[in-house]
Amino acid sequence: MGVKLELAIAALNGAIGDYLGRTGNGLATRMTLVHAGQPLLLTREALRSAYPSPGPRVVLLVHGLMCTEEIWRLPDGSDYGSLLERDLGWTPLYLRFNSGLAILENGAALARLLEGIVEAYPAPLEELALIGFSLGGLVLRSACHSGLAEGHRWPRLVRRAFYLGTPHRGSPLERAGRVLARLLRSIPDPYTRLIGELGDLRSDGIKDLGDADLRGRERRTPRLGLRDPAHPVPLLPGIRHHLVAASLARDPRIGLLFGDLLVPIGSAIDGADRSTDQVRIVPAAGHLRLAHDPRVYDLIRTWCEEETAR
Amino acid sequence: MNPLDHQRLRGLQALFEDAVEHGSAAVERVHRETLRRPFEIVAAIPPIEEPARALQAIHELALTGVYRAIRLVNRWLGGGLAFALERAAASARREGKGS
């Protein structure tokens, strides 16, 4: 019951979380670390109690739209974090947040939370790895910039980031929804206009997925590709960025057409060269599958085993 | 009742109240716009223009009254529920301290 309730609240937050946050509604999820399904206070004592033997390497898992940390659970009850702990000794931290807020807002909040982790972590912290699923990857990307702009210490600890099905170049589904809502509103009929207005109630988080433009108010003027060095939010240099896309089809050529139905492959790999070691396409997998697929874990583990220098 | 449950129940109550408030306003607007057209057509016939306009005014008054009543009852119910939830939370806090 508890897990289902949390999932229902997460879905509600993803759908109208910006409204819940704006109106101070008690159903709005606050950004927090969670441990064993419970919010974890960001104090040295609380972290020590939750992680009696904290390692020098920490991995943070950031879920996607309308999810909780439950999305990471593999059929055997493990997840990428617990497997990295077992195999490589990484300490896993799990984030829960209101995915309906604007990505920029969540990015800034995550940057502050990561600085809090650096402050409160009960052992010397040598490395921080970031894993983001879908919208969570964009939140990570935004947090990196926010942390750098605020002069935080944690961006210096990040050497690798993993983006699983993250729509770096936007989601056509959201863009189609935006066009449909505009079309319905423009029809001079009270009923269709009402349906269009209902469509517009979707959260800022969903709307941000359309263009994946993380620039805030100044967005879309002018239009820039996220890999463009002139873009205020490009992938940060000095971090090894690993991009994983899903393809519903086994055949890579068909996969290029449909991707995982929600995020096209080109968007998930941010237009990067598909032959590079830092890009992988997982065949015969849907979008959600990327968050709990043993093949994806194998990729993450291999990438985590590589030494990185800063 | 723990503080998080209480906060969420209050949130759910507020969300329902908001949904009825904004939903009824949107439906009222659609209702009004939909009715305006037949009244305008009827009022375009000169001999019955005056009675049609009067009927439209009465109808719009009734419409306003009905939707306002819905919103008023909604606010009363919401306020009552919020009060009951606060009382239940306060009682739970007292019991927690007592035990």
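Computed from a predicted model, the values in this text were never measured in an experiment. Every chain is numbered from 1, with letters handed out A, B, ... down the list of sequences. Atom set for the values below is all heavy atoms of this structure, side chains included, hydrogens, waters and symmetry mates excluded.
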Between A:D189, A:L27, A:L12, A:L198, the one whose heavy-atom pairs under 4.5 Å with chain B are most numerous: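 Most heavy-atom pairs within the cutoff with chain B belong to A:L27.
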
Other residues, nucleotides, ligands: >12 heavy atoms within 6.0 Å of B:R68 CZ: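 No - once you tally the heavy atoms of other residues, nucleotides and ligands closer than 6.0 Å, there are 12 at most.
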
Closest heavy-atom pair and its distance - B:A14, A:N25: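 That would be CB-ND2, 3.9 Å.
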
Heavy-atom closest contact (A:L20 atom, B:L15 atom, distance):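 Looks like CD2-CD1, 3.9 Å.
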
Note, A:P190 side chain near B:R37 side chain (heavy atom, < 4.5 Å):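 A side-chain contact exists here, since the closest heavy-atom pair is under 4.5 Å.
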
Under 4.5 Å from any heavy atom of chain B - which part of A:I9: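 A:I9 touches chain B through side-chain heavy atoms alone.
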
Contact origin within B:R8 toward chain A - heavy atom pairs under 4.5 Å: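 For B:R8, the contact with chain A is made by backbone and side chain together.
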
Distance in Å, B:Q7 CD paired with A:R30 CZ, rounded so as to fall on 0.5 Å steps: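 Atom-to-atom, B:Q7:CD and A:R30:CZ are 6.5 Å apart.
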
